[in-house]
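In what follows, chains carry the letters A, B, and so on, assigned in the order in which the sequence lines appear, proteins first and then strands, with residues in each chain numbered from 1.
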Amino acid sequence: MDDMRRYVLDWYDANRRVLPWRAAAGARMDPYRVWLSEVMLQQTTVAAVIPYFLKFTEKWPDVNSLAAAPLDDVLREWAGLGYYARARNLHRCAQMVADLHNGIFPADKDTLQSLPGIGDYTAGAIAAIAFDRPAAAMDGNIERVLARVFNISEPLPGAKKPLRALAKTIFEGNSYRPGDFVQGLMDLGATVCTPRGPKCGLCPLAQGCEGRKSGAPESLPRRTPKAEKPSRYGHVYWITDGQGRVLIQKREDRGLLGGMMGLPTSEWKAEIPDHSAFGKENPLISEGKVLHTFTHFHLTLFGHRIDAVNTIIPMKGFSWVAEQDCAAAMPSVFRKAVRLFRAR
DNA sequence: GATACGTGGTG
DNA sequence: TCACCAAGTAT
């Protein structure tokens, strides 16, 4: 086990990735930047996160400035990154750190985990990376590396338990460079022990890797197959005032796309909607459809345009905005819809 | 423990 | 092309 630690650290010293949230080798990390990057990286690729991280840190360089910002500003900047509960929790967490901890992030894993949006992994990662504490932190990369090195053939999520026990053994109880060890293991998983086509020839752990000896490291970790995604259908509306403005809606602040801006839509149902209900009095102009896949269902939205409706007084939650910049604050599904309508 | 919750890249 | 996947958390 100590060999593994040394191999990973040596490899990390020679191969560590340069990332915007990372300090120079050996330098102290800013807990705010560690926290912000870890939350953004939850289920999200490095490439997708980088521009958002740069935007956020430029606009809000520390936790107090983020805490002082209106939630709607934070949601606007988060638009397009997905999993919007993260942005709502991020803002709540910033306010709690600012108000309850005088703007200083706690270093203790359990205290970190009590904050909104910080779960088992993120709490361990912040404790280890920002404060160099020997805390267990198991993300998908480390899960994969461990499943291969120790040849854990039980499929996920059942394998979570033995993997978690393994992680606890590996991370806790050794206080030599715990932050670098966590990051080294993650970099190794991201660049060498990759989900497909692992580069075992470049791996510092290849010699003792049981998964490699078994002949099919790429098949690890195994997963139980996921259920097929159902489909849902609805309508999306492009309602203009004839003066370059379009009607938008702020969505309910919980649930799917909670608190985000969007175009007005009907409910999304499992049945394909019946257009004939409007009969020949149909005031809508059909504009094609938007296809989008969320985590747990496929969505088809039928587009409709209503032009020059300048007599509408927006109800609560609705407002007129300039067509040009309406998409910026919206999640991707609505950006697709805006693109559809503006292309005409 | 199971489910809700986004998005863009990839083979 | 399209199912799968990537630095998970909350309920």
Side-chain angles (χ1 to χ4, degrees), chain A residues 17 19-22 33-53 75 78-90 92-93 112-130 136-146 156-161 163-164 167 179 182-191 193-197 218-219 221-232 251-260 262 268 290-299 330-336:
Chain A
R17 289 180 291 176
L19 299 167
W21 44 87
R22 251 179 206 174
R33 294 165 69 87
V34 174
W35 163 70
L36 179 61
S37 65
E38 288 299 341
V39 172
M40 287 183 166
L41 285 162
Q42 289 166 4
Q43 296 288 285
T44 309
T45 58
V46 166
V49 165
I50 287 175
Y52 284 84
F53 179 84
L75 292 177
W78 197 277
L81 195 56
Y83 283 143
Y84 299 99
R86 290 187 295 174
R88 306 193 297 269
N89 287 330
L90 186 85
R92 275 209 299 146
C93 182
L112 283 163
Q113 200 170 337
S114 72
L115 294 166
I118 299 182
D120 179 63
Y121 161 72
T122 304
I126 296 171
I129 297 170
M138 191 177 65
D139 73 327
N141 285 308
I142 296 175
E143 197 171 71
R144 182 173 59 257
V145 172
L146 295 181
L156 292 172
K160 287 265 183 196
K161 203 170 195 173
L163 285 167
R164 213 170 282 285
V182 168
Q183 294 181 90
L185 232 28
M186 286 197 289
D187 274 19
L188 191 62
T191 63
C193 194
T194 45
R196 283 166 299 200
E218 185 168 3
S219 69
R222 297 176 54 195
R223 296 171 195 281
T224 50
K226 286 161 189 154
E228 194 178 334
K229 286 180 168 68
S231 294
R232 295 183 195 169
R251 300 175 61 81
E252 295 295 320
D253 59 10
R254 344 183 76 188
L256 188 68
L257 311 180
M260 303 300 294
W268 305 346
V290 175
L291 303 179
H292 191 78
T293 299
F294 292 101
T295 311
H296 51 301
F297 65 93
H298 300 292
L299 176 67
M330 293 181 182
S332 293
V333 60
F334 292 114
R335 290 183 183 179
K336 286 185 189 174

Nearest-nucleotide 5' precedence on DNA chain B, A:F297 against A:K161: A:K161
So what does A:P331 hit on the nucleic acid, given a heavy-atom distance under 4.0 Å: a base, only sugar-phosphate, or nothing? sugar-phosphate
What is the distance from NZ of A:K160 to C1' of B:dA2, rounded to the nearest Å? 13 Å
Heavy-atom closest pair (A:R144 atom, A:A190 atom, distance to 0.1 Å) is NH2-N, 4.2 Å
Using side chain to side chain donor-acceptor pair (under 3.5 Å), reason through A:E38 and A:Y121 one step at a time and then give a plain yes or no. CA-CA 9 Å; A:E38 288 299 341; A:Y121 161 72; 2.8 Å; yes
Indicate, yes or no, whether a donor-acceptor pair under 3.5 Å links the base of B:dG6 to the side chain of A:T293. no
Look at A:H292 and B:dT7 and indicate whether a side-chain polar atom (N or O) is within less than 4.0 Å of OP1 or OP2. yes
What is the nucleic acid contact for A:S332, judged by heavy atoms within less than 4.0 Å: base, sugar-phosphate only, or nothing? sugar-phosphate
For C:dT11 and B:dG6, measure between their P atoms and round to the nearest Å. 14 Å
B:dG6 base / A:T295 side chain donor-acceptor hit below 3.5 Å: yes
Using atom CE of A:M40 as one end and atom P of B:dG6 as the other, report the distance to the nearest whole Å. 16 Å
Earlier contact from the 5' end, DNA chain C, for A:T45 and A:T122: A:T45
Just how far, in rounded Å, is P of B:dC5 from CZ of A:R251? 10 Å
Please check the phosphate of C:dG8 (OP1 and OP2 only) for any side-chain N or O of A:Q42 closer than 4.0 Å. no
Using a heavy-atom cut-off of under 4.0 Å over every strand shown, decide if A:L257 touches base, sugar-phosphate, or nothing. sugar-phosphate
Find every protein N or O atom lying less than 3.5 Å from an N or O atom of nucleotides 1-5 of chain C, and list the pairs.
| residue | atom | partner | partner atom | Å |
| --- | --- | --- | --- | --- |
| C:dC5 | OP2 | A:K226 | NZ | 3.4 |

Tell me if a side-chain donor or acceptor on A:R17 pairs with a main-chain N or O of A:T191 at a distance below 3.5 Å. no
For the pair A:F294 and A:F297, name the ring-plane relationship: parallel under 30°, tilted 30 to 60°, perpendicular over 60°. tilted
B:dT7 P sits how many Å from A:L299 CG, rounded? 11 Å
Please work out if A:W78 contacts a base, only the sugar-phosphate, or nothing of the nucleic acid, heavy-atom cut-off 4.0 Å. nothing
Between CD of A:Q43 and P of B:dT3 the distance, given in whole Å, is 17 Å
What's the shortest heavy-atom distance between A:K160 and A:M138, and which atoms? O-CE, 4.4 Å
Strictly below 4.0 Å: does A:Y84 bring a side-chain N or O up to OP1 or OP2 of B:dT7? yes
Using whole Å, what does the distance between atom C1' of nucleotide B:dT7 and atom CG of A:L291 come to? 15 Å
Rounded off to whole Å, could you give me the CE-to-P distance for the A:M260 and B:dT7 pair? 8 Å
Quick check for you: among B:dT7, C:dA10, B:dC5, whose closest atom lies nearest to any side-chain atom of A:F294? B:dT7
What one should report as the nearest heavy-atom pair of A:R33 and A:P20 is NH2-O, 2.8 Å
Ignoring backbone atoms, establish whether A:H296 has a side-chain N or O less than 4.0 Å from OP1 or OP2 of B:dA4. no
Which is true for A:G189 with a 4.0 Å heavy-atom rule: it touches a base, it touches only sugar-phosphate, or it touches nothing? nothing
Any side-chain to backbone donor/acceptor pair from A:Y52 onto A:A79? Under 3.5 Å, distance only. yes
Determine whether a donor-acceptor pair (N or O, by modelled atom type, separation under 3.5 Å) exists between the side chain of A:S114 and the backbone of A:L112. no
Measure from the side-chain N and O atoms of A:R86 to the backbone N and O of A:G117, and report whether any donor-acceptor pair falls under 3.5 Å. no
Can you measure A:L256 atom CG to B:dC5 atom P for me and round it to whole angstrom units? 5 Å
What contact category does A:I129 fall into here, base, sugar-phosphate, or nothing, at under 4.0 angstrom with non-hydrogen atoms? nothing
On DNA chain C, nearest-nucleotide positions of A:I118 versus A:D139: which is more 5'? A:D139
